[in-house]
**Student:** 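One structure, as C-alpha cells, below. Some questions next.
So you know, we letter chains A, B, ... as the sequences are listed, proteins then strands, and number each from 1.
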Amino acid sequence: MPDVSGTKRITDVGPHDYHDFLHPVIKNNYGKWKYHEILSPAHMVHVSETGDKIYSVRVGSPRLVSGSFIRDLCDLADKYSGGYLRFTTRNNVEFLLDKEENIEPLMNDIKKLNLPLGGIGNVVANIVHTQGWIHCHTAASDASGVTKALMDDLYEYYTDAKLPAKVRIAFACCLNMCGAVHCSDIAVLGIHRRPPKLLPDKIMNLCEIPSTIASCPTNAIRPDTYNGKPSVKIIEEACVFCGNCFTVCSGMPLSDPLNDGVSIWVGGKVSNARTKPSFSKLAVPYLENDPPRWPKVVEAVKTILDAYKNGAEKGERVGEWIERIGWPKFFNITGFKFTKYHIDDFRLGEATMNYSAQVRQ
Amino acid sequence: MPDVSGTKRITDVGPHDYHDFLHPVIKNNYGKWKYHEILSPAHMVHVSETGDKIYSVRVGSPRLVSGSFIRDLCDLADKYSGGYLRFTTRNNVEFLLDKEENIEPLMNDIKKLNLPLGGIGNVVANIVHTQGWIHCHTAASDASGVTKALMDDLYEYYTDAKLPAKVRIAFACCLNMCGAVHCSDIAVLGIHRRPPKLLPDKIMNLCEIPSTIASCPTNAIRPDTYNGKPSVKIIEEACVFCGNCFTVCSGMPLSDPLNDGVSIWVGGKVSNARTKPSFSKLAVPYLENDPPRWPKVVEAVKTILDAYKNGAEKGERVGEWIERIGWPKFFNITGFKFTKYHIDDFRLGEATMNYSAQVRQ
Amino acid sequence: MSKKHQTPLLDELKKGKWPSFVTEIERAAEKSEMTDDLLGQVEQSYKEKMGHWKHGGMVGVKGYGGGIVGRFSDLPEKYPGVKEFHTVRINQPSGFFYTSDILRKIVDVGDKHASSLYNFHGSTGDIQILGVKTSELETIFQQLVSFGFDLGGSGSALRTPSCCVGMARCEFANYDAMNMCYNITQAFQDEMHRPIFNYKFKFKFSGCGNDCTASIARADLSVIGTWKDNIRIDQDMVKEYAKKINLHKYVTGKCPTKCMSYDETGLKIDDSNCSKCMHCINVMPKALRPGVKGGVTILLGSKAPMVSGPRLSMVLVPFYDVAEDAKNGYQWFKDLIGKIWEFWDEYGVSRERVGELIQRVGIGNFLEAIGLEPLPEMVSSPRGNPFVLYEEYVEADGEKN
Amino acid sequence: MSKKHQTPLLDELKKGKWPSFVTEIERAAEKSEMTDDLLGQVEQSYKEKMGHWKHGGMVGVKGYGGGIVGRFSDLPEKYPGVKEFHTVRINQPSGFFYTSDILRKIVDVGDKHASSLYNFHGSTGDIQILGVKTSELETIFQQLVSFGFDLGGSGSALRTPSCCVGMARCEFANYDAMNMCYNITQAFQDEMHRPIFNYKFKFKFSGCGNDCTASIARADLSVIGTWKDNIRIDQDMVKEYAKKINLHKYVTGKCPTKCMSYDETGLKIDDSNCSKCMHCINVMPKALRPGVKGGVTILLGSKAPMVSGPRLSMVLVPFYDVAEDAKNGYQWFKDLIGKIWEFWDEYGVSRERVGELIQRVGIGNFLEAIGLEPLPEMVSSPRGNPFVLYEEYVEADGEKN
Amino acid sequence: MTDETKAQLEEAIVNLIKEFTNKKRFKPGDIVKEMEMKFSVNGVTKDDVKAAIRDLTDSGRLIYGYAGGSFLSLPE
Ligand code: SRM
Ligand code: SRM
Ligand code: SRM
Ligand code: SRM
Ligand code: SF4
Ligand code: SF4
Ligand code: SF4
Ligand code: SF4
Ligand code: SF4
Ligand code: SF4
Ligand code: SF4
Ligand code: SF4
C-alpha cells in the first residue's frame, strides 16, 4: 500500500467526464440525431440533422471478461473506430465508426476473434445475468454457466433477426434478482426449496435478531432463545425459501444441492411501448440444477421461444403475445403444467385472479 | 296469531313454482327464442324459432310501492296481457303481450297512471337503491329521496334512448352497499365522516367485544375496559367511518347530521361484454346531505352524464369511455378535483398506481 | 283520511315526473294506520338529516332464523305506528314472473296485516313487505304458505337466490337459469331458514355473460352461462348489419380477444379464442347466436366492501355441463356447494364471507380441499413474485416429498 | 502456465459458439495467479451444485463505506488464491462510452493488482474488477483516482446512477440523460461513498419511454424522457412506410390510447391523447419524431422482490421541465430528491426501500410531506373501495376542520 | 343417536346459552362445534346437533337473534 501519510488523499472525484470519451461525430451531432436504420442484426446507422452519420457495430460479450478480452477490443477500436467504443446496457460492445468502409473489415476481424456479431433488432438480446457461483454467497445456481449454455443454443437468434420482436432474457442466481428477472420476456431464476438451517452459535454471535426477524416476507422467523441468549426459530410451513434471512444473518444458510434449482418466468416487459411495463410471470416452478449445461432449462426456454416465434404477430413482445392468446393456451402449447404454485398467494395475489366470465372454452 | 297447536306447522315450502306464472307463449317457446328487437325505449319483441312473438312493455317503478300500485298493475295486466307480468332485476315492470294491437292501448293507460314508459336500450336504467331513512338503522343518507330527485331530473334519459350505451346508476345509504354501488356506471354512496361515538353502557350490555374489534377494516378498534368490564376504544386517526362496528354493536353510532353526506363513484361495470367487470371508482369524495332534493348530487351526476354523452363512442360504457380518454381528462372535463382521497390507500391500493411512463402531457 | 303529520319536505318529492315514493307511502297510509307515522318519522329525518331506526334484534317466526328484518323506531312515543316496523322477505318466483291473481293475494296479506308498503323487489331478489308488527308475523307467514310462498333469507344463512329471465324470454340463455335457481333454492331450504353459516351466502344465476343479475358482483356463488362450441352465424344478416354499423369499429374492433375479422367474404370467428364475452352477439342479435353446447362458468366470492374491500367473483369452474347434470337433479353442483360450505364451516370465522376466507387461506389450499384442479382459466395471469411455497423436496436418502 | 486444477465440467462450457466465460477465466489466469484457484473452486461448485463463498464483512477503502463487495472463500486452504476475492465497483462514465486508452488504463490496474477478471458492466452500471485482495484495495483506488475514476456505490447508500446512450447516439432522446446522470452523480458523491440511508437508493435515466436502462423496473428514482407538444410527422415518409407495413394493424391499431388514424389524407394524431408510449415512432423512425418540447416523467419506487414483492416505479411528477432546470444545475430536481431522502430518513426503517416506505405510510401523506399535489396521472384509476380517511369535518359550532 | 342422548344434547345446548347470556353470542355454528366435541363419545354428528337446534327453535325454547350475524338465544 502506498504511503499516504502527510499527503491529502484524493476522494470523491466521481465518475469521469464522459465528454472525453465521445467520438467527434457524436460530439458534433449530440442531440441532433434525426433517425436510425438497422442495416443488419450487427450494425446500424444513425443519421443527424446535419447529414452526418455514425455507424454502430454490435458485438456480443460474456460480460465476465479478462483483461485480454478488453485489450482485444481496444486493438480493434484503434484499428477501425479511432479508438472509440461503448458498451450497451445489456453488456454488448458497440464500435462507433464514421467510415462505412471500415465496417466490413472490422466485422471480419471480429469473426476471427470468434466473437458474435448481432444483437440489434428482433433478436434474442444478450442475457442480463449475475454473479452466481463465480462470486456470490447466496447463489442457488450459476449465472455464467446457464447464460453460456443458453446463448450457445440460441446463438442464431442473436446473430439473425428471426423473431417477431426482441426477446430479452435474464438470469438471476437468487431471489434478490440482481438485474432484470422480474421484468423480462423470459427469465431464469435460481431458487431454494428448503428452509434455512439454523446455526445457533453463528446466529448468536453474528446476527441482529430484530433485523433477522424483519427480513422474512412471510413472517416465518420468530424470536427464540438459545442457551439463554436471544435467537430465532423458523415456522417451516411458512417459509418460502427466499434467502433474505441469510443475507442479513450468515447463521441461516439455505443452500441444498439436492433441492436447489431454477424456475422459469415469462412475459415481463420494461418499455412503455404499446402496453405498460409488466412483471415476468411464473411458467415453470422448478427445474433441477444440472451443470454444466442445464439441458432442461435450455429446453424450456427453447420451448417458449419456439411457441412465441410460431404464434406471435409482428412486433408483439412475449407477454403481449401471451395476453392475446390467453394463459390457458400458453400452458397448453408449451405443455408446461399449471399448478397451485402458479396462483399468486402473496400480498397482492388477489389482484391477479380472473374476475370475469371471459373464458375461452 | 292463529292457533296452530295440535296441527303441524307447514314450513320450508320454498319459492312458488314459476311455471304457474308463465305466459302461455313463453311456456311454448321456453328456450327457443331466436332474436329480439328493441322497438322503442319502452317495448321490445322477442321472436322464437317457432315464429311466435312476445312483446314486453317496460314501465318504471319507484320500487317502494303501495298495495294500490300493485293492484293498478294487476288491472292493466288483466286488461292487456292476460294477467301476465314480471319485474326486472332493476325493479322495472314488464307486461308480456302476445297481441301487438294491445301495446298502444296499454301504453296509453300507463301514461294515464303517470307511470314512465322506457328503460330499454341506451337509457339511464332504473336506479338500484336501498332502504335509507325509510327502513334502515345505519343509513347515512336517504335512498328513495336521492333516487327520486335524480330520476325526476334524468326522466328524459329513461324514456328516450339518448346515450352511447345504457347507464346504470346505483344508490346505497351506507358502506354495506346493499345493491350495485361497487360496480355501477355511476353510483351515489351515503357516507359518514366522523368516528363512532362510544356508548359504554350499551357496549357493555349489548356488544360482543371480540367481534366488535374484528369488524374494523383498519384495526382502529382496540380492547379497553369500562368500570372494570371489557369494552373498546377507538384510534380515531385510523377510523374510516365505515360503520361496520355499529352493525355488530349498537353502542357505537356514527350518524352525524353535520358531517354525513354522499360520495359519487363512476365507471363500474358488471357485464363481461368487451371489457371485464370492474369496480366503480371514486369521483367526488363528499357532498353534503341536502334533502329533500340533494341538488349538488343531481348536478354532479348530470355533469358526469353530460360529459359521457358528449365524449363516448357508440356502445361505450362510462368506464370504458373514461379508460379510453384517461382519468386526468375525466377530472379535467368534469371539473371534479383530484385529491389524496382518490388515491387508494387500502389493502390492495398499490395495484392501482400508474406504473408506467404512459402519461398524456 | 286526513294526514296526521305535516310533511313539507317530503311533499317536495311528490312533484316531478318520476313516480313518487312519497305518494306511494300516502296511498299505503290510506290502507294502513301505521303508515301515517312513517311519513312523520321520515319527514323528521329529512329535517334533521339523520335516520330514526334502531337495531333489529330478536324478531322472527317460530323455527326460522331468517326472513324477517326486525326494525324499531327510536321515537316510538312520537310515532307509535312505526314502533315496530319489521320487513318480511318473501322468496320471489324464478325470473320475477307473476300473474295478477297471485300478486293480488300477496298484497291482500300486506294491506291487511302490515303497512301496505312493498319492495318489488329487494336487492337480493325478495319481495319485501315493509312495516310488520311482531304480532302479525306468524299470521303473514301462515297466509303466504297457504298459497305456496315462503320466506326468503336473512342473517347468517343462505340468502334468497335469484336468476335472470333466461330461457323464458331471452335468446341468449345458455342454460335454464330459472329452473336451476328454483331447484337449488328448494334443495337448500334448511340452509336458508336456519342460519348455520359463518355469514350470508348468496347465489345468482345469469343465462349468459351479460350477467343481468349482476351475479359476478353480488353473489358468493355466481353461475353464468357460456358455451363450448361455435357462435352461430347468419352471414346474410351480418351483411344487413354491415349496412348500418361500421363492423370493424364497433364489432370486430371491440372483441376482447381480437378473434373476429370481417371482409367481403363474411364474418370469421376463431371460436377457440372467443372468450364468450357476448359483445358481438349483443350488437347483432339477429345475425349471431351463442353455440348450442351451452353450459356454465361457476365463479366464487363477490361481495360488498366490508371488511376487506369489495370483491368480484373469480372463476372456479371454467365449464360445467349443467344440462347433463340437470338430468341428475344438479347433483354434481350440489356436491360442490356442499364441499365449499364444509370448508367454510371448518376454516371460516364469524362474519367472514367465503371469498374472504379463500383469500385468507390461499386458493391453492382451498382447491385441494374441495377437490378441484388449479387451472390457468382461474387467473388473469400467473404469479409475478417469487415467493413460492414449494411443498416437494428431495431428502438426502433420495426420498421424494 | 499449466493449470493447477482439473476442470472437466467447466471445460464443457468452453465449447459452443458463444464466447466462454471459462475461456476468459483461463485467459485471466495467465495474468494472475489467484485466478487459477477460482477455476478450481467453481469446478467444485459445478460438481457439488453449490457455491463456496462466505459473507463479505468489513472490507473497504479508508473513508468510504461502499464501492467494494467483500468476498471470502469457504475453502481457503484448498483454494488459497480466492481466500480473499473482493469486487471493486468503479463508477462508469455516462452512457458507457470509452476510448481504447482509458480502457487499457483500467485493465492495467486490474491485471496487475487483481485477478484480471472484469464485468463490463455490473447490473447497476459499474465496471467491476473481480478478485481483489484486501491489501490491494487502496492501491487500486489510488490508481483509479489518478486517472479520474472513482468507486461506485454499494451498501445502504446512493448506488451508481446510470443512463442510456441518449442524445449521444439516439434520435429519441427527449432530454440530455447523460448530462443529467453525470451532474446528479457528481452532486451526490457524499451520499454515494458514505452510506447514511436506510437501504440502497438507485437512479436511472432513460431518454424516452423505451426505457433502455430499465429504469422503471430497477431504480428507486426513474427518470424517463417525454414531451409536451406534438409528434413531428413527415407525411411523405409515412406513405413510404405504408407501402411496407399495414399501418392500421401494426401502428395505429397498437396505439394504447387509440389516438391515431391513417387514411389517404395521411396520418393524424390527437396529441392531447397521446401517452408518449413511443410505439409509433419506434416503428417509423424515419417518419415520426418526438416533439421538440422535451422533458421528463419522474417515477418512484421500483425494486427487486425483497421483502414485499417486486415493484415497478410509479409516476411522481408527470412532467418536469428538465431543460429549464438544467440551466440552474438541476436545482429543482436536487431539492426534490433532498425532500424524498429527508422523508425516508425520518419515517423509513432499516432495509426499507423508498417504494416500500411510501406504500406503508400512504402516498397521500408522502406527497403532502414533499410538497407535491396528488394528480390523476399518478394512478391507473382512482380508488375502488369506500374506506376513505376523510380529514375534513364540521364541528357543532360550525367550525370547519 | 338415542332419544336419551338427544334430550341431553338439547339440554346441554340450552344450558350453554343460558350460562353465557350477555357474555357471548352463540352462533349456530359455534353450538355445533361445541356439542360435537362435548358429545363425541356418543357419536353425535353435525346433523344431530342441527336437528336438536331445529327442535329447540321449532318448540320455541330457543329463538334466533341477529346483530350483524345470526345467533341463538333464550326467548326474551
Ligand atoms: C444500445 C441500447 C441503449 C444503451 O444505452 O445501451 C439501446 C438502443 C436502442 N434501443 Fe433500446 N437499447 C438498449 C436497451 C434497451 C432496453 C433495456 C434492456 O433490454 O435491458 C429496453 C427495455 C426492454 C424491455 O422493454 O423489456 C429497450 C427498449 C427499446 C424499445 C422498446 C421495444 C418494445 O417494443 O417494447 C425500442 C424500440 C424498438 O425496438 O422498436 C428500442 C430502440 C432502441 C434503438 C432503436 C433506439 C435508437 O433509435 O437508437 C436502439 C437500437 C435498438 C436495438 O438494439 O435493437 N429500445 N432497449 C441498449 C442495447 C441493449 C442491448 O445491447 O441489447
Ligand atoms: C330484463 C333484464 C333481465 C331480467 O331478468 O330482469 C335484462 C334484459 C335484457 N338484457 Fe340485460 N337485462 C337486465 C339487467 C341487466 C344487468 C343488471 C343490472 O343492470 O343491474 C346487466 C349488467 C349491468 C352491467 O354491466 O353493469 C345487464 C347487461 C346487459 C348487457 C351488457 C351491456 C354491456 O355492453 O355492458 C346486454 C347487451 C346489450 O345491452 O347490448 C344486455 C341485454 C339484454 C337484453 C337485450 C337481452 C335479450 O336479448 O332479451 C334484454 C333487454 C335489454 C334492455 O333492457 O335494454 N343486458 N342487463 C334486466 C333489465 C333491467 C332493467 O330493468 O333495466
Ligand atoms: C333490503 C336490502 C336493501 C334493499 O333495499 O333492497 C338490504 C338491507 C340490509 N342489508 Fe343488505 N340488503 C339487501 C341486499 C344486499 C346486497 C345486494 C344483493 O344481495 O345483491 C348486498 C351486496 C352484496 C353482498 O352480499 O355483499 C348487501 C350487503 C350488505 C352488507 C355487507 C356484506 C358484506 O359482506 O360486505 C350488510 C352488512 C352485514 O351483513 O352485516 C348488509 C346488511 C343489511 C341490513 C340487514 C342492515 C344491517 O346491518 O343489519 C339491511 C336491513 C335494512 C332494512 O332495514 O330493511 N347488507 N345487501 C336488500 C335485501 C333485500 C332482499 O332480500 O331482496
Ligand atoms: C454485482 C451485482 C450483480 C451483477 O452481477 O451485476 C449485484 C450483486 C449483489 N447484489 Fe444486487 N447486484 C447488482 C445489481 C442489482 C440490481 C440491478 C440494478 O441495480 O439495476 C438489483 C435489482 C434492483 C434493485 O435494486 O432492487 C439488485 C438487487 C439486490 C438485492 C435486493 C434488493 C431489494 O430491495 O429487493 C440484494 C439484497 C440486499 O440488498 O440485501 C442485492 C445484493 C447483492 C449482493 C451484495 C449480495 C448480498 O446479499 O450481499 C451481491 C454481491 C455479489 C457479489 O459477490 O459481487 N442485490 N442488485 C450488481 C451490481 C453491479 C454494479 O454495481 O453495477
Ligand atoms: S442474484 Fe443473488 S446470488 Fe446472484 S449476484 Fe445477486 S444476490 Fe448474488
Ligand atoms: S428463507 Fe425467506 S421465507 Fe424462509 S425463513 Fe428466511 S426470510 Fe423467511
Ligand atoms: S346500504 Fe346500508 S343503510 Fe342502506 S339498506 Fe343497506 S345496510 Fe341499510
Ligand atoms: S367506523 Fe369502521 S373504521 Fe371506524 S372504528 Fe368503526 S369499524 Fe373501524
Ligand atoms: S343474463 Fe344473458 S340470458 Fe340472462 S337475461 Fe341477460 S342477456 Fe338474457
Ligand atoms: S363473444 Fe366476445 S370474445 Fe367471442 S367473438 Fe364475440 S366479441 Fe369476441
Ligand atoms: S431510452 Fe430512448 S432515448 Fe435512450 S437509448 Fe433508448 S430509445 Fe434512445
Ligand atoms: S406515441 Fe404511443 S400513444 Fe402516442 S400516438 Fe404513438 S402509439 Fe399512440
**Student:** Show, in sequence, the C-alpha distance, side-chain angles and deciding distance for C:V394 and A:R193, and conclude whether the side-chain contact (heavy atoms from CB on, under 4.5 Å) test is met.
**Tutor:** CA-CA 9 Å; C:V394 184; A:R193 292 190 307 160; 4.2 Å; yes
**Student:** Looking at CG of A:D345 and CZ of C:R360, how far apart are the two atoms once the value is rounded to the nearest 0.5 Å?
**Tutor:**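 Answer rounded to 0.5 Å: 14.5 Å.
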**Student:** Quick check for you: among A:N259, A:L282, A:V181, which has the greatest number of heavy-atom pairs under 4.5 Å with chain C?
**Tutor:**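 Highest number of heavy-atom pairs under 4.5 Å: A:N259.
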**Student:** Heavy atoms only: give me the nearest C:L299-A:A357 pair and the separation to one decimal.
**Tutor:**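 Closest heavy-atom pair between C:L299 and A:A357: CD2-N, 4.2 Å.
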**Student:** For A:H192 and C:Y393, run side-chain contact (heavy atoms from CB on, under 4.5 Å): C-alpha distance rounded to whole Å, both residues' side-chain angles, the deciding distance at 0.1 Å, then the answer.
**Tutor:** CA-CA 10 Å; A:H192 303 286; C:Y393 60 94; over 6 Å; no
**Student:** With side-chain contact (heavy atoms from CB on, under 4.5 Å) as the test, would you mind laying out the steps for C:R311 and A:E350 before giving the verdict?
**Tutor:** CA-CA 10 Å; C:R311 286 173 195 273; A:E350 273 171 68; 3.1 Å; yes
**Student:** For C:K228, is it the side chain, the backbone, both or neither that has a heavy atom under 4.5 Å from a heavy atom of chain A?
**Tutor:** both
**Student:** Picking from A:M177, A:R194, A:H342, A:R324, which has the most non-hydrogen pairs under 4.5 angstrom with chain C?
**Tutor:** A:R194
**Student:** Could you tell me which non-hydrogen atom of A:W327 sits nearest to which non-hydrogen atom of C:S381, and how far apart they are?
**Tutor:** NE1-CB, 3.4 Å
**Student:** Using a cut-off of 6.0 Å, state whether more than 12 heavy atoms not belonging to C:K339 lie near its atom NZ.
**Tutor:**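 Yes - once you tally the heavy atoms of other residues, nucleotides and ligands closer than 6.0 Å, there are more than 12.
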**Student:** Quick one: which of C:E392, C:E368, C:K276 has the most heavy-atom pairs under 4.5 Å with chain A, could you say?
**Tutor:** C:E392
**Student:** Need one label for A:I191: side chain, backbone, both or neither, based on atoms under 4.5 Å from any heavy atom in chain C.
**Tutor:** side chain
**Student:** Using a cut-off of 6.0 Å, state whether more than 12 heavy atoms not belonging to C:K293 lie near its atom NZ.
**Tutor:** no
**Student:** Check whether C:Q359 gets within reach of chain A through its side chain, its backbone, both or neither, counting any heavy atom under 4.5 Å.
**Tutor:**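 For C:Q359, the contact with chain A is made by the side chain alone.
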**Student:** When you measure from the side chain of A:T352 to the backbone N and O of C:S380, does any donor-acceptor pair fall under 3.5 Å?
**Tutor:** no
**Student:** Is chain C contacted by the side chain of A:F279, its backbone, both, or neither, given a heavy-atom distance below 4.5 Å?
**Tutor:**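 For A:F279, the side chain is the part near chain C, not the backbone.
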**Student:** Who wins among C:G364, C:S272, C:G209 for the most heavy-atom pairs under 4.5 Å with chain A?
**Tutor:** C:S272
**Student:** Hey, does the side chain of A:Q361 reach the backbone of C:C274 with a donor-acceptor pair shorter than 3.5 angstrom?
**Tutor:**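 Absent.
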**Student:** Determine whether A:S263 and C:V388 make a side-chain contact, defined as any pair of heavy atoms from C-beta on separated by less than 4.5 Å.
**Tutor:** no
**Student:** I want to check something: taking the side chain as every heavy atom from C-beta on, are A:V359 and C:V315 in contact at a cut-off of under 4.5 Å?
**Tutor:**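 Contact flag for A:V359/C:V315 side chains = yes.
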**Student:** For A:P328, is it the side chain, the backbone, both or neither that has a heavy atom under 4.5 Å from a heavy atom of chain C?
**Tutor:** both
**Student:** Count the heavy-atom pairs under 4.5 Å between each of C:A396, C:S313, C:G225, C:G362 and chain A, then report the option with the highest count.
**Tutor:** C:S313
**Student:** Show the numbers, then the answer: is there a side-chain contact (heavy atoms from CB on, under 4.5 Å) between A:M353 and C:I363?
**Tutor:** CA-CA 10 Å; A:M353 302 308 294; C:I363 293 153; 3.4 Å; yes
**Student:** A side-chain contact here means heavy atoms from C-beta on lying under 4.5 Å apart; do A:L175 and C:F387 qualify?
**Tutor:** yes
**Student:** So what's closer than 4.5 Å to chain A heavy atoms on C:E373: side chain, backbone, both or neither?
**Tutor:** side chain
**Student:** Starting at NZ of A:K281, measure out to CG of C:N385 and round the result to the nearest 0.5 Å.
**Tutor:**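 CG of C:N385 is found 11.0 Å from NZ of A:K281.
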**Student:** When only pairs under 4.5 Å are counted, which of A:F331, A:W265, A:Y286 shares the most heavy-atom pairs with chain C?
**Tutor:**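 Counting heavy-atom pairs under 4.5 Å, the top option is A:W265.
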**Student:** Please check if the side chain of A:R360 supplies one atom and the backbone of C:N273 the other of a donor-acceptor pair under 3.5 Å.
**Tutor:**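 Looks like yes, one N/O pair under 3.5 Å.
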**Student:** Distance from A:F338 atom CZ to C:L375 atom CG, nearest 0.5 Å?
**Tutor:** 7.5 Å
**Student:** So which part of A:E323 gets closer than 4.5 Å to some heavy atom of chain C, the side chain, the backbone, both or neither?
**Tutor:** side chain
**Student:** Below 4.5 Å from any heavy atom of chain C, which atoms of A:F346 appear? Answer side chain, backbone, both or neither.
**Tutor:** both
**Student:** For atom CZ of C:F319, is the number of surrounding heavy atoms from other residues, nucleotides or ligands below 6.0 Å larger than 12?
**Tutor:**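 It does: C:F319 CZ has more than 12 such atoms within range.
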**Student:** Check each atom of A:C239 against the heavy atoms of chain C and say whether the ones under 4.5 Å are side chain, backbone, both or neither.
**Tutor:**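 Looking at A:C239, just its backbone touches chain C.
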**Student:** Which heavy-atom pair separates C:P386 from A:L189 by the least distance, and what is that distance?
**Tutor:** CB-CD2, 3.7 Å
**Student:** Contact between C:L389 and A:T218 at the side-chain level, heavy atoms closer than 4.5 Å - yes or no?
**Tutor:**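 The answer is no, as the side chains (C-beta and beyond) never meet within the 4.5 Å cut-off.
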**Student:** Look at the side chain of C:R383 and the backbone N and O of A:Y341, then say whether any donor-acceptor pair between them is shorter than 3.5 Å.
**Tutor:** yes
**Student:** Does C:Y390 reach the main-chain N or O of A:P285 with its side chain, forming a donor-acceptor pair under 3.5 Å?
**Tutor:**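 Yes, C:Y390 side chain to A:P285 backbone: donor-acceptor pair under 3.5 Å.
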**Student:** Measuring only between side-chain heavy atoms, which start at C-beta, is A:F336 closer than 4.5 Å to C:P382?
**Tutor:**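 When only atoms from C-beta onward are counted, C:P382 and A:F336 do not touch, as no gap falls below 4.5 Å.
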